[in-house]
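Structure record follows, encoded as structure tokens.
Note that this is a predicted model, so its numbers are computed, not measured.
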Amino acid sequence: MIDRDDPSLAEDKAVLKRHFDAVLTEPIPARMYLRQPRWIGYTRVALVFVAGAALGGSLAMLNGTPAPAGTLPGAAMAVRAARAHAIYASEVRHPVEVDASQQDHLVKWLSKRLGLELKAPVLSGEGYDLLGGRLLPGPDGPVAQFMYQEPGGKRLTLYVTRRSRAEQVTAFRFALEGSVSVFYWIDRDSGYALSGDIDKTALARLANAVYKQLEP
């Protein structure tokens with residue numbers, strides 16, 4: 001048994017205290033706080049990603065700011081519409097497949113191909129006249145595109161597709177793909193996206209005019 005009152009033991013304790021007390025009271029280096037198991041870092045990244053995605057979707061719905069494709073109903077359609085607009089609205093000689101002089105034929109042809117009763121909205125009151133339209137490929141079948149132009153040369157395109165079974169009915173939503181603004185919605189059997197290189201307020205007014213004519 002150790003005799004705690006042994007003078008030699010007290011002497012040893014004093015020596016240890018003198019030599020190592022300074023070490024025991026040193027501050028812990030910051031790098032030691034950062035050394036954590038790798039799984040903790042992975043967990044934090046995953047939580048931040050999920051929270052960010054949820055917050056981004058919520059802010060998009062509240063502020064009219066576009067969310068990434070796939071996070072909102074119809075968002076992928078809006079991206080396809082914007083890209084189609086960017087390709088064909090810049091065409092000088094062949095912006096449309098069938099021009100406005102054959103409007104009746106154009107509407108009947110596109111209606112037959114999509115299996116929908118289509119209309120070409122009249123936007124002359126808003127300063128845009130119909131140039132014509134074309135048939136486009138879509139992920140679930142044919143898509144119709146109607147193109148409009150104002151006197152200054154700015155163009156709008158209305159992208160119309162059949163609503164897929166997986167898509168939900170939506171109210172107006174806004175998206176931005178590059179410089180192309182898009183207002184899109186899904187109603188009944190159809191999905192619509194109005195695209196243009198114009199500001200959000202002006203496009204909203206035009207989208208409202210289109211909606212009133214398509215869904216009176």
Q: Could you tell me whether a side-chain N or O of Q145 sits under 3.5 Å from a main-chain N or O of T157, the two making a donor and an acceptor?
A: no

Q: Examine R80 relative to Y159 and say whether NZ or CZ is less than 6.0 Å from the centre of the six-membered ring and inside a 45° cone about the ring axis.
A: no

Q: Give me the ring orientation class for F183 and F172: parallel if the planes are under 30° apart, tilted from 30 to 60°, perpendicular past 60°.
A: tilted

Q: With rounding to the nearest 0.5 Å, note down the distance linking CD1 in I198 to CG in L206.
A: 5.0 Å

Q) Within the distance-only criterion (no hydrogens, no angle test), does the side chain of R113 pair as donor or acceptor with the backbone N or O of G141 below 3.5 angstrom? A) no

Q) Under the 3.5 angstrom rule, does the side chain of S111 hit a backbone N or O of L118 as a donor-acceptor pair? A) yes

Q. Same cluster for V182 and I87 if Ile/Leu/Val/Met/Phe/Trp/Tyr side chains link at under 4.5 Å?
A. yes

Q.
For the CD atom of E117 and the NZ atom of K108, what is their distance to the nearest 0.5 Å?
A. 10.0 Å

Q) Is there a donor-acceptor pair under 3.5 Å between the side chain of E150 and the backbone N or O of G152? A) yes

Q: To the nearest 0.5 Å, tell me how far Q103 CD sits from F146 CZ.
A: 8.0 Å

Q: Would you check if the side chain of K200 reaches a backbone N or O of S181 as a donor-acceptor pair within less than 3.5 Å?
A: no

Q. Is R163 reaching over with its side chain to a backbone N or O of R188, donor-acceptor style, under 3.5 angstrom?
A. yes

Q: Measure the CG-CG distance between L123 and D129 for me, rounded to the nearest 0.5 Å.
A: 9.0 Å

Q: Supply the atom-to-atom distance E97 CD to L136 CG, rounded to the nearest 0.5 angstrom.
A: 8.5 Å

Q: Report yes if the side chains of D197 and V180 come closer than 4.5 Å at any heavy-atom pair, otherwise no.
A: yes

Q | Minimum heavy-atom distance A175-Y184, with the two atoms named | A | CB-CE2, 3.8 Å

Q.
Please report the interatomic distance CD(E126) to CZ(R205), rounded to the nearest 0.5 Å.
A. 5.0 Å

**Q.** Flag side-chain contact, heavy atom, 4.5 Å: L156 against L203
**A.** yes

Q. Any donor and acceptor pair, going by atom type alone, linking the side chain of Q102 with main-chain N or O of L106 inside 3.5 Å?
A. no

Q: Quick one: closest heavy-atom pair of P95 and V92, and the distance?
A: CD-O, 3.8 Å

Q: May I ask you to test the Y192-V210 pair for a side-chain heavy-atom distance under 4.5 Å?
A: no

Q. What is the minimum heavy-atom distance between P151 and G127, and which atoms define it?
A. CD-O, 3.4 Å

**Q.** Least distance between heavy atoms, L130 atom then A120 atom
**A.** CD2-CB, 4.1 Å

Q) How close do L110 and R134 get, heavy atom to heavy atom, and via which atoms? A) CD2-O, 3.8 Å

Q | Atom of H85, atom of R155 and distance for their closest heavy-atom approach | A | CE1-O, 3.3 Å

Q: Name all residues meeting the ring-ring contact (aromatic ring centres under 6.0 Å, His included) criterion together with Y148; count only those two or more places apart in sequence or in a different chain, and write none if there are none.
A: none

Q | Evaluation steps, side-chain contact (heavy atoms from CB on, under 4.5 Å), between T161 and D140 | A | CA-CA 9 Å; T161 181; D140 301 311; 6.0 Å; no

